[in-house]
Amino acid sequence: MANLDLGQNLSEKEEIKTKKKNKKRDRDEAKKLKQLAMEEEVNDEEPKKKKKKKDAKEKLEEQDNGEEEEEVEEATGNGIMTNETFESLGLSENTFKSIKEMGFSRLTQIQAKAIPPLMMGKDVLGAARTGSGKTLAFLIPAVELLFHVRFTPRNGTGVIVICPTRELAIQSYGVAKELLRYHSQTVGKVIGGENRKKEAEILVKGVNLLVATPGRLLDHLENTNGFVYKNLKFLVMDEADRILEQNFEEDMKKIIKLLPKTRQTSLFSATQTAKVEDLARVSLALPVYIDVDEGRKAVTNEGLEQGYCVVPSAKRLIFLITFLKRFHAKQKIMVFFSTCKSTKFHAELLRYIKIDCLEIRRGIDQSKRTSTFFQFIKAETGILLCTNVAARGLDIPHVDWIVQYDPPDDPTEYIHRVGRTARGEGAKGKALLVLTPDELQFIQYLKAAKIPVQLHEFEEGKLLNVQAFLEKMISENYALNQSAKEAYKTYISGYDSHSMKEVFNVHRLDLKEIAASFGFTSPPKVALKIDQRGEGGYRSKREPVNKYNRARGGRAGSKSKFERF
Ligand SMILES: Nc1ncnc2c1ncn2[C@@H]1O[C@H](COP(=O)(O)OP(=O)(O)OP(=O)(O)O)[C@@H](O)[C@H]1O
């Protein structure tokens, strides 16, 4: 059990800085000692000096040993990196040059395992933990393929990378652009919310490597005359398990039907569900299965400290405000909500009480969403409120905290959300899950899915005493009041669509307490559409709850509704 300190002014970053400073000081001292030891070796020594030399040598040995240990630790880290170099892959000079400029020299595990078979033209199903370099694992072979086949704009699109969210597509497009910097091949993106006409013009000119979200891609495949995709050689689905979930399934079936059948295909994700694996077995040509983390004790990163707090519904709002007030000036924090309206309300409320924050969710126009995304990437500290649109794939540097204010739908979603921090070799981060006493059973599911999570106690007495103040403010401010009502309503309907009914049962919610968490003294009058089939009897459209038992490695057979990819 750990303690979540909501009261003091401790800064993690300051601690890290101090540690770094100490390390540097130790190294400097070691250097001085080394110099002293060397000088003394060549000089004729007096007894006093000799003693000094002996001490210096001893201390130096200690330091050296210490450094050696540290270096071993750094090289091993949390096991993402290999000792293989990019040079060993025999890449084209231009790709190699870009990678070098990105600052990478050694391959991550997934890159070492996936790039060679992909460069040999094989289909690959790749699983590796969040933040372990999957993007380059498929983009490097994609770029090499286009280069070796000598694609020109006239040949149209040779590679399509499908991503589940717009921000992830923008990010992957950025990486592809960097990789192609010294090549003549073209790169582009088509994503929902952007100017369709402009995208069509660019497609017609010829985009060799195309990054896309499913809906907009389908739209262009069906409606953009002059979009040449008959030469497609390689299809990648990033976050494949998400892309193959129900709300993308129809679009994906149509996309697959339209694309050429003779091509290479690859599916990547940190969480490959049984569904993806089944699909790969029936749809990919002799696929290579890669799961670099098979057999690990935990599915999340070692540098990630994961805790949960049990907070009664009525205290949730003041808990959140206390937490954010305590940490936001010095830390970079992402807070996950279950619905857009709830995200919107909390953003408005926080700004109203002078806690600055950013938000990413559906319903905000794409240019604003994109600028917010880049603003948070650049920020050293601050708060981003978001829905699950920011849960997958986003590579935002130095996020200190992932707060799941509203619980995720299942352990898979949990893994992706917390994967926005502690990314890459040796990185550290913290994750906090907020649960009500009724939701505690969720912890058992996390533990069963190999997610180590620890109870964080906090002192209720340290929560800011602002509930009455917030209620008054929300009752007097019309816009905030309307927003709170919408948020309350969608929170409840969102709760009703949870797939884990035995844990998140809408019929167990205490509406008065929930109302308090949106700043109401009593439940507001709103029309609630709740499934009336009662406790646990109803399953939503999503996959059944036991899917995470097979979140990795389960390869039981089932027929897929998909055709050959
Ligand atoms: N060989 C490498 N050496 C060092 N850093 C790398 C290497 N390859 C990738 N990275 C960096 O590691 C970070 C994580 O990579 P990436 O975003 O591809 O992770 P991911 O596995 O796709 O994560 P997620 O599952 O969350 O989508 C990025 O900042 C990337 O630039």
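As the structure lists them, so they are numbered: ligands from 1, and atoms in each ligand from 1. The basis for the numbers below is simple: all heavy atoms, side chains too, and nothing from hydrogens, waters or symmetry mates.
Residue R196 qualifies as enclosed at atom CZ: its count of foreign heavy atoms under 6.0 Å is above 12. Remark: D356 CG is loosely packed, at most 12 non-hydrogen atoms of other residues, nucleotides or ligands lying under 6.0 Å away.
Within the 4.5 Å cutoff, the side chain of V453 has heavy atoms near those of the Y414 side chain. Side-chain contact between F86 and K100: absent, with no pair of heavy atoms (C-beta onward) separated by less than 4.5 Å.
Atom CG in N208 sits 14.0 Å away from atom CZ in R150 (nearest 0.5 Å). Note: L179 CG to L91 CG = 9.5 Å, rounded to the nearest 0.5 Å.
Annotation for ligand 1: atoms under 4.0 Å from non-hydrogen atoms of R106 are 1 (N), 2 (C), 3 (N). If you number the atoms of ligand 1 from 1 as listed, the ones under 4.0 Å from a heavy atom of L136 come out as 8 (N). Interface atoms of ligand 1 facing R420, defined by a heavy-atom separation under 4.0 Å, are 26 (O). For ligand 1 and R423, the ligand atoms under 4.0 Å from any heavy atom of the residue are 14 (C), 16 (P), 17 (O), 19 (O), 20 (P), 23 (O), 24 (P), 26 (O). In the vicinity of E239, heavy-atom distances shorter than 4.0 Å reach the ligand 1 atoms 27 (O). Proximity to S132 (heavy-atom distance under 4.0 Å) selects the following atoms of ligand 1: 19 (O), 20 (P), 21 (O). For ligand 1, the atoms lying closer than 4.0 Å to a non-hydrogen atom of M81 are 3 (N). Near R129, with a cut-off below 4.0 Å to any heavy atom, the atoms of ligand 1 are 21 (O).
Looking at ligand 1, you won't find any N or O of Q171 less than 3.5 Å from one of its N or O atoms. Remark: ligand 1 and L107 share no N or O pair separated by less than 3.5 Å (distance only, no angle test). Among the atoms of T130, none of the N or O lies under 3.5 angstrom from an N or O of ligand 1.
Partner of E302 under the salt bridge (Lys or Arg N to Asp or Glu O under 4.0 Å) criterion, chosen from K297, K428, R296: R296. Among I333, T381, I383, the one residue that satisfies the side-chain contact (heavy atoms from CB on, under 4.5 Å) test with F327 is I333.
For atom 10 (N) of ligand 1, the nearest protein heavy atom (residue, atom name, distance) is F104 CZ, 3.7 Å. Nearest protein heavy-atom neighbour of atom 8 (N) of ligand 1: Q111 NE2, 2.8 Å. The nearest protein atom to atom 22 (O) of ligand 1, hydrogens excluded, is given as T135 OG1, 3.4 Å; this is a heavy-atom distance. In terms of protein heavy-atom proximity, atom 12 (O) of ligand 1 is closest to G131 O, 4.3 Å. With respect to atom 13 (C) of ligand 1, the closest heavy atom belonging to the protein is D395 OD1, 3.7 Å.
By the salt bridge (charged side-chain N to carboxylate O under 4.0 Å, His left out) test, R242 is found to be paired with E245, residues two or more places apart in sequence or in another chain being considered.
Taking the charged nitrogens against the carboxylate oxygens, D406 and R417 have no contact shorter than 4.0 Å, which rules out a salt bridge.
Nearest-residue assignment for atom 20 (P) of ligand 1 (options E425, K134, E84; heavy-atom criterion): K134.
Counting heavy atoms closer than 4.0 Å to ligand 1, residue F86 contributes side-chain atoms (C-beta onward) but none from N, CA, C or O.
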Listed pairs under 3.5 Å, donor-acceptor, residues 134-144 side chains, sequence neighbours left out:
residue	atom	partner	partner atom	Å
K134	NZ	A128	O	2.7
K134	NZ	R129	O	3.0
E144	OE1	S92	N	2.9
E144	OE2	S92	OG	2.7
E144	OE2	T95	OG1	2.5

